[in-house]
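Below, chain A is the first sequence line, B the second, and so on; all start at residue 1.
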Amino acid sequence: MLFGTRRLPSIEAGHYKNTAAMPTQEMPIPAVVSLSMSENIGAPCSPLVKKGDHVLVGQKIGDSEAFLSVPIHSSVSGTVTGIETMRNAMGGMDTYVVIETDGKQEVWPDIKAPVLEDQPGFIKAMRESGLVGLGGAAFPTWVKLNPKNLIDIDTFIVNGAECEPFITSDHRTMLEDADNVIDGTLAVMKWLIAENGFIAIEDNKQDAIEGFNRLLKERGIENIKVFPLPARYPKGAERVLIEEITGKKCAAGVLPASLGLIVMNITSTAFVGQYLKDGMPLTKKRITVDGDAVAEPKNILAPIGASIRDIIEFCGGYKKEPKKILMGGPMMGRAVYSDRMPLIKNNNAILAFSDEQARIPEESACINCGRCHEGCPFHLLPCAYADAYEKKDVKRLKDLQVMQCMECGGCSFVCPARRPLTMINKLSKALVKEAGDNV
Amino acid sequence: MSDMQFHDKLKVTSSPHLVSALDTRKTMICVLLAVAPSAVMGIVYFGFYSLILLAGCMAFSALCEYGYDRIMHLDNTARDCSCLVTGAILALTLPPTLPLWMAFVGCFVAIVIVKCLYGGIGRNIANPAIVGRIVLLLSFTSQMTTWRVTKFMGAGTDAITGATPLGMLSESGMEGMPDLMALLLGNRGGSLGECCILAILLGGIFLIVKKIISPVIPVSYLSTVFLFSLIYYLVRPEAGYSAFYMALFHLLAGGVVFGAFFCATDYVTSPVLRNGRIIYGIGCGFFTMVIRLFCSYPEGASFAILFMNIMTPLIDRYTIDRYYGITNKKKEGEISG
């Protein structure tokens, strides 16, 4: 640290990569799937089917006219039994298309590999594929790959850091789907006319790093490089990754494209590679199922829309009474209120914890130790936000740059007084947004 | 589907859903472990009464905090062990012969007046143990400046009082001064826990390795003491001793090493940001040496730390690290460094 290159601050959050050595198993098609019409950041889709319709695998069942959206495809063949509304994990209400499966998994006849002639054609294919950022943000990929300043883009970064504890699905993608990752990377670089490609992988996944190095050498590809990252949290956050690789600071609200960069999750990239070969839209997702309440933690390939209950049933059911179930990792994942919730595109893990793991720690007073600041990649000051938030001092919150917080959860994790700092940051950001420019 | 039971009442909380193992209580226990070597050496050098003084201070501090919480109908905060740390650090900065009841006065001042009345842990504006010590020094000056010699000094007689090295320096110069090795091992007069520099370093390094404290404050504090005295003795040489020797002497004599590792690093009363910590450490070193060399007190570490404690909010205010520039009124795409 003292003499080497200076890296951004980070924390040691533990790894718990219990399922890293477990090859992906394909989950059988459940009796019922519920497909959310709101699976991306931006506008939700309207259902294109109605009750009683017969649908096939890959058939488009939801779409929207809005710019920031992607269509939704059926992950099964079967009959639509209803269009329902249910509260989602964010607390809002979503529309779901519920399909009773027939088990035949008949494929929509129009599915074929896209023929790409030009850049707009590629973007159109990306929209039709239904792909969103699979790392968790669910940003429509076709929008990301269509920056206004296409000419400035020179670097494409594939994010295989997977810094969240527990999750190993990206790791399995890198091991099981390496060729598609490289094909996808080459395709994106070709259509974006980017000269440099990086595949960023944390150094606790040496097998993936070696695998890619060997594969790139075998295929004679020189403009894609593997970039090992230290295995610390949160190295896989987009803005951290950009600074680690290029040294460029990417403030909140600044599009990476304006710095000449596009960053994409490794599973998304692998999907691009696969889609360009067979044209099958995004209907299945590789996820890690883990946590102390799950009998047989494993990596599985599950149809989108399968309920958490069905997914855990495939993993041996519950070993202990579940008290908390997360969609995503323990640092940034969302706690869901029920295991009825169906899998959505950007989930990469389902973690079920028993009472013991789900206990909410007792909060005590700040002792001013500064760990929240020392662990923050952006040198923010969460302990000061907590004070300012208590006083509703929007000016001070703004001055201390609370809007730069990416809510990675590091400050809450390291706080010895167990204060919910990340939650306070989120509330503070909402407060600042609400006040607008009046302050 | 119908035969399956759903779990509809799961716990929903904001992320993250994991916390580190290190909480406030464990942090405080680590500090207690870190001062243990100094305490053991103090007991070895000054005898059994030191143990009574140490245990008495810790127990009475805990009692004060527990009693205050009970009387004021507050949650019991004594469980976080920070009162034990305050008691232990206060005891270790007292002369080993101080009557127990006087030490209890110090504990009361530290816990009730400095800590609890300001709102408990995290809210005090000055280090409780340091204030407790200063109150005792001003109230019971003669007892607080009566130093027992160690068992291994003098001619085997006990209950002999002597002066601390810094006391000797300010009164009679370097004559009859213990050598640097004796200072390093702690075979000299002084407070209960501040004598054996090696034991203090052991504890300090433990805290740094366990990442309880950052080395910034001790390093900046001690190097300022060293450089300040080096320059002073280069300008005004001490007969028979090199400036380098005198600088080392100032580093090892008195309570500056103990203060640098265990008192100045108190989280609550030291700056949060790294640059602030450097300024704070330099300030502590500077004022320690000013008091030692130009004022009537032979030792100034506690006054210097208290002064810098009070400066801490000011330092924090002016050292804020704005990684993405000063203002938020940035244009899209423009990055200020």
Side-chain angles (χ1 to χ4, degrees), chain A residues 11 13-14 31-32 165 248-255 258 309 313 322-326 330-340 353 358 360-361 364-370 373-374 378-381 383 398-401 403-404 407 409 412-418 420 422-423 426, chain B residues 1 4-28 75 77 79-80 82 119-123 211-214 266-274 276-277 312 316 320-330 332-337:
Chain A
I11 62 166
V32 175
K248 291 176 187 169
K249 277 185 191 176
C250 184
V254 173
L255 286 176
S258 65
R309 186 73 184 86
E313 203 56 32
K323 284 290 175 197
K324 196 187 233 183
I325 297 183
L326 305 180
M331 297 301 286
M332 288 189 80
R334 237 165 243 289
V336 297
Y337 65 91
S338 166
D339 57 3
R340 288 172 201 275
F353 294 110
I360 299 167
S364 57
C366 175
I367 53 169
N368 207 30
C369 65
H373 167 76
E374 281 159 21
F378 305 138
H379 304 231
L380 304 179
L381 206 53
C383 51
K398 226 172 163 178
D399 181 49
L400 293 175
Q401 303 193 324
M403 297 311 281
Q404 294 295 336
E407 303 165 13
S412 292
F413 178 86
V414 294
C415 180
R418 308 294 192 225
T422 309
M423 186 173 87
K426 290 178 193 176
Chain B
M1 193 78 180
M4 275 200 313
Q5 214 193 328
F6 287 106
H7 294 86
D8 280 334
K9 288 204 169 116
L10 297 169
K11 214 178 257 184
V12 178
T13 56
S14 178
S15 62
H17 308 282
L18 275 182
V19 283
S20 70
L22 190 75
D23 58 9
T24 304
R25 190 184 152 94
K26 282 194 185 127
T27 307
M28 295 304 162
D75 290 339
T77 53
R79 273 179 305 170
D80 67 22
S82 68
I121 185 167
R123 296 288 173 198
K211 298 203 168 141
I212 304 289
I213 61 170
S214 91
D266 172 35
Y267 291 142
V268 180
T269 52
S270 63
V272 174
L273 298 125
R274 203 177 56 117
R277 287 177 177 170
T312 292
D316 264 343
I320 281 178
D321 182 356
R322 286 185 182 83
Y323 193 60
Y324 288 107
I326 304 244
T327 71
N328 288 281
K329 286 174 188 154
K330 279 196 299 280
E332 187 94 347
E334 180 195 321
I335 313 293
S336 47

Peer 1: How far apart are the closest heavy atoms of A:Glu374 and B:Arg277, and which atoms are they?
Peer 2: OE2-NH1, 2.9 Å

Peer 1: Determine the option with the most heavy-atom pairs under 4.5 angstrom with chain A, choosing from B:Ile212, B:Asp75, B:Val19.
Peer 2: B:Val19

Peer 1: Where on A:Leu381 is there a heavy atom nearer than 4.5 Å to chain B: the side chain, the backbone, both, or neither?
Peer 2: side chain

Peer 1: Can you say whether B:Thr13 sits under 4.5 Å from chain A via the side chain, the backbone, both, or neither, judging by heavy atoms?
Peer 2: both

Peer 1: Quick one: ring-ring contact (aromatic ring centres under 6.0 Å, His included) partners of A:Phe413, sequence neighbours excluded?
Peer 2: none

Peer 1: Do you know which of A:Ala335, A:Pro330, A:Gly370, A:Gly14 has the most heavy-atom pairs under 4.5 Å to chain B?
Peer 2: A:Pro330

Peer 1: Taking all atoms of both residues into account, what is the closest heavy-atom pair of B:Tyr267 and A:Ile367, and its distance?
Peer 2: CB-O, 3.0 Å

Peer 1: Can you tell which part of A:Ala252 gets under 4.5 Å to a heavy atom of chain B, answering side chain, backbone, both or neither?
Peer 2: neither

Peer 1: Between atom OG of B:Ser20 and atom CD1 of A:Ile11, what is the distance when rounded to the nearest 0.5 Å?
Peer 2: 8.0 Å

Peer 1: CD of A:Gln404 to OH of B:Tyr324: how many Å apart, nearest 0.5 Å?
Peer 2: 6.0 Å

Peer 1: With chain B as the partner, which of A:Cys369, A:Gly409, A:Ala365 has the greatest number of non-hydrogen pairs under 4.5 Å?
Peer 2: A:Cys369

Peer 1: For A:Lys426, is it the side chain, the backbone, both, or neither that has a heavy atom closer than 4.5 Å to a heavy atom of chain B?
Peer 2: side chain

Peer 1: More than 12 heavy atoms of other residues, nucleotides or ligands under 6.0 Å from CZ of A:Arg418: is that the case?
Peer 2: yes

Peer 1: By a 4.5 Å heavy-atom criterion (distance strictly below it), what part of B:Arg25 contacts chain A: side chain, backbone, both, or neither?
Peer 2: neither

Peer 1: Using modelled atom types and a 3.5 Å cut-off, is there a donor and acceptor pairing between side-chain atoms of A:Arg309 and backbone atoms of B:His7?
Peer 2: no

Peer 1: Is the shortest heavy-atom distance from the side chain of A:Thr422 to the side chain of B:Ser14 under 4.5 Å?
Peer 2: no

Peer 1: Which region of A:Cys366, side chain (C-beta onward) or backbone (N, CA, C, O), has a non-hydrogen atom less than 4.5 Å from a non-hydrogen atom of chain B, or is it both or neither?
Peer 2: backbone

Peer 1: Give, as side chain, backbone, both or neither, the part of B:Leu18 having an atom under 4.5 angstrom from any heavy atom of chain A.
Peer 2: both

Peer 1: Go through B:Lys11 and A:Phe353 one step at a time and tell me if the side-chain contact (heavy atoms from CB on, under 4.5 Å) criterion holds.
Peer 2: CA-CA 10 Å; B:Lys11 214 178 257 184; A:Phe353 294 110; over 6 Å; no

Peer 1: Would you compute the distance between atom CG of A:Leu400 and atom CD1 of B:Ile320 and round it to the nearest 0.5 angstrom?
Peer 2: 5.0 Å

Peer 1: Please confirm whether the backbone N or O of A:Pro416 pairs with a side-chain atom of B:Lys26, one donor and one acceptor, at under 3.5 Å?
Peer 2: no

Peer 1: Let me know if A:Ser364 has heavy atoms under 4.5 Å from chain B in its side chain, its backbone, both or neither.
Peer 2: side chain

Peer 1: Please state whether the side chain, the backbone, both or neither of A:Pro420 comes within less than 4.5 Å of a heavy atom of chain B.
Peer 2: neither

Peer 1: Mind checking the OG-CZ spacing from B:Ser15 to A:Arg334? Nearest 0.5 Å is all I need.
Peer 2: 7.5 Å

Peer 1: Given that the side chain runs from C-beta out, which part of A:Lys324 has a heavy atom under 4.5 Å from chain B: side chain, backbone, both or neither?
Peer 2: both

Peer 1: For A:Arg340, which residues count as a salt bridge (charged side-chain N to carboxylate O under 4.0 Å, His left out) partner, sequence neighbours excluded?
Peer 2: B:Asp8

Peer 1: Give, as side chain, backbone, both or neither, the part of B:Ser270 having an atom under 4.5 angstrom from any heavy atom of chain A.
Peer 2: backbone

Peer 1: Keeping the roles fixed (side chain from B:His17, backbone from A:Gly333), state whether a donor-acceptor pair exists under 3.5 Å.
Peer 2: yes

Peer 1: For the interface with chain A, which of B:Thr24, B:Asp316, B:Asp266 has the highest count of heavy-atom pairs at distances below 4.5 Å?
Peer 2: B:Thr24

